Amino acid sequence: FFFFWISNANCLIPILIGAEEAFNAVQSQTDPVTGEGTRVALVDVRTRAEYFWVGAACQVDEIITTKEESLYPDDGKVILTKNGRQVRFEINGRHKMLQTKKITNIIISPIAINIPYKLWVEEDASLTLNSSFGGEVNALSDNYDILIFFCRSGGRSQDCLGGFDVNLFDTIYEIDQPDDKSGRGGFEGTSYSNVYNGYRGFPNRLTETQEHPSVSWKDAGLPIKTSINPLSD
């Protein structure tokens, strides 16, 4: 299920996809809907503080086991599952499962470009629009044909779409729930009004039990890493 990309002076509706679809598209450099080869960028519009402290969208470059074995997952894709007790990945197309207690280290690198739609103002604990947002996004057209946006849960990544020249790109995607229930995507998804057994952002929550499951990056169990400087990527 997805929404069609509509663009004119007054309306912009991106195609909504899940985080795992976004990961696959960026790593394979293919359109997540058509499968055609193209230039794809994943754009994180959260604040730099969120990127640094909450975590960045990443790939796994290497898994080092307790037996000092180095594993290199296909496309850097590793899924945290079984309530954080196991990771799932492929090597040369073969499915692998590994208990997290048998891992001593994971080498991770970011795959999203951080261009904040809003900036955190520490003096009064507020958010203000980033005046350079449009120019920075427009500049991506030199290297990319398709952009996939995400924020914390789907709000800012929808609001920001009027802040740049959409005609510079072939298609715009957004990580959010494709069943017309927004706020179930982004990096962390929703808290489900704090009645769900598993706080927002807990990796690989089983949100399928909800009427509108989350399609967020963390809920998918995809790789993340904190303490990455967004200005050094």
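Keep in mind that what you see is a predicted model, and the values were worked out from it rather than measured. Throughout, numbering of the chain's residues begins at 1 and tracks the sequence.
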| query | Would you say V40 and Y144 make side-chain contact, with heavy atoms under 4.5 Å? | reply | no

| message | Between D44 and R46, does any NZ, NE, NH1 or NH2 come within less than 4.0 Å of an OD or OE carboxylate oxygen? | response | yes

| Within the distance-only criterion (no hydrogens, no angle test), does the side chain of Q177 pair as donor or acceptor with the backbone N or O of D179 below 3.5 angstrom? | yes

| query | Are L71 and V60 side-chain neighbours, meaning at least one heavy-atom pair lies under 4.5 Å? | reply | no

| If you group Ile, Leu, Val, Met, Phe, Trp and Tyr by side-chain heavy-atom gaps below 4.5 Å, do I224 and V87 land in one group? | no

| If you group Ile, Leu, Val, Met, Phe, Trp and Tyr by side-chain heavy-atom gaps below 4.5 Å, do I91 and V78 land in one group? | yes

| remark: CD (E188) and CH2 (W217) are apart, to the nearest 0.5 Å, by 13.5 Å

| request: Return the minimal non-hydrogen interatomic distance between P73 and D61, and the atom names on each side. | output: CD-O, 4.4 Å

| message | If you compare all heavy atoms of P116 against all heavy atoms of F133, which two are closest, and at what distance to 0.1 Å? | response | O-CD1, 3.4 Å

| said: For K225, is the NZ atom crowded, meaning more than 12 foreign heavy atoms sit under 6.0 Å from it? | reply: no

| Closest contact, heavy atoms only, N114 versus P230 | OD1-CB, 3.4 Å

| P223 versus G76, closest heavy-atom pair with distance | CG-O, 4.1 Å

| Say you draw a straight line from CD1 of I148 to OG of S157; how long is it, rounded to the nearest 0.5 Å? | 12.0 Å

| Transitive ILVMFWY side-chain link F23 to L80, under 4.5 Å | no

| field | Closest approach of K101 to T66 (non-hydrogen atoms, all atoms of both residues) | value | O-CG2, 3.8 Å

| query | Which heavy atom of S153 sits nearest a heavy atom of G189, and at what distance? | reply | CB-O, 3.3 Å

| Point-to-point distance, once rounded to the nearest 0.5 Å, from CZ of R39 to OG of S141 | 8.5 Å

| field | T65 side-chain N/O to K102 backbone N/O, donor-acceptor pair under 3.5 Å | value | no

| Reported OH-to-CD1 distance for the pair Y72 and I107, which is rounded to 0.5 angstrom | 9.5 Å

| At what distance, to the nearest 0.5 angstrom, does CG of D145 lie from CZ of F169? | 9.0 Å

| said: Quick check: is L119 connected to I113 through a chain of hydrophobic side chains (ILVMFWY, heavy atoms under 4.5 Å apart)? | reply: no

| query | Under 3.5 Å, side chain of Q27 to main-chain N/O of N24, donor-acceptor pair present? | reply | no

| field | Side chain to side chain, C151 and F187, heavy atoms closer than 4.5 Å | value | no

| query | Side chain of T100, backbone of R85: donor and acceptor closer than 3.5 Å? | reply | yes

| query | Hey, are the side chains of L168 and V137 touching, using non-hydrogen atoms and a 4.5 Å cut-off? | reply | no

| message | Do M97 and T81 have side chains that approach each other closer than 4.5 Å (heavy atoms only, starting at C-beta)? | response | yes

| said: When you measure from the side chain of D74 to the backbone of G93, do you find a donor-acceptor pair of N or O atoms at a distance under 3.5 Å? | reply: yes

| Note: E50-R156 ion pair, threshold 4.0 Å (strictly below) | yes

| request: State, yes or no, whether a side-chain contact exists between L161 and P14 at a heavy-atom distance under 4.5 Å. | output: yes

| request: Show your reasoning for whether side-chain contact (heavy atoms from CB on, under 4.5 Å) applies to T190 and Q210. | output: CA-CA 11 Å; T190 179; Q210 300 297 313; over 6 Å; no

| message | What's the separation between atom CG in D159 and atom CZ in F149, rounded to the nearest 0.5 Å? | response | 12.5 Å

| Looking just at side-chain N and O atoms, do S182 and D176 make a donor-acceptor pair shorter than 3.5 Å? | no

| query | Should Q59 and D75 be marked as a side-chain contact (heavy atoms from CB on, under 4.5 Å) after you check the CA-CA gap, both sets of side-chain angles, and the distance that decides it? | reply | CA-CA 8 Å; Q59 67 179 22; D75 297 323; over 6 Å; no

| said: Would you say V45 ends up clustered with L147 if hydrophobic residues are merged whenever their side chains have heavy atoms under 4.5 Å apart, either directly or through other cluster members? | reply: yes

| query | Do T47 side-chain atoms and W120 backbone N/O form a donor-acceptor pair below 3.5 Å? | reply | no

| message | Walk me through whether Y117 and L129 qualify under side-chain contact (heavy atoms from CB on, under 4.5 Å). | response | CA-CA 6 Å; Y117 175 55; L129 289 176; 3.6 Å; yes

| So do I79 and L222 actually touch side chain to side chain, heavy atoms under 4.5 Å? | yes

| message | With a 3.5 Å distance limit and no angle check, can you tell me whether T30 reaches the backbone of G37 through a side-chain donor-acceptor pair? | response | no

| task | Side-chain contact test, heavy atoms from C-beta onward, threshold under 4.5 Å: evaluate it for F164 versus L140 and give yes or no. | result | no

| Test log, rule side-chain contact (heavy atoms from CB on, under 4.5 Å), inputs E20 and K77 | CA-CA 9 Å; E20 191 167 355; K77 185 178 182 181; 2.6 Å; yes

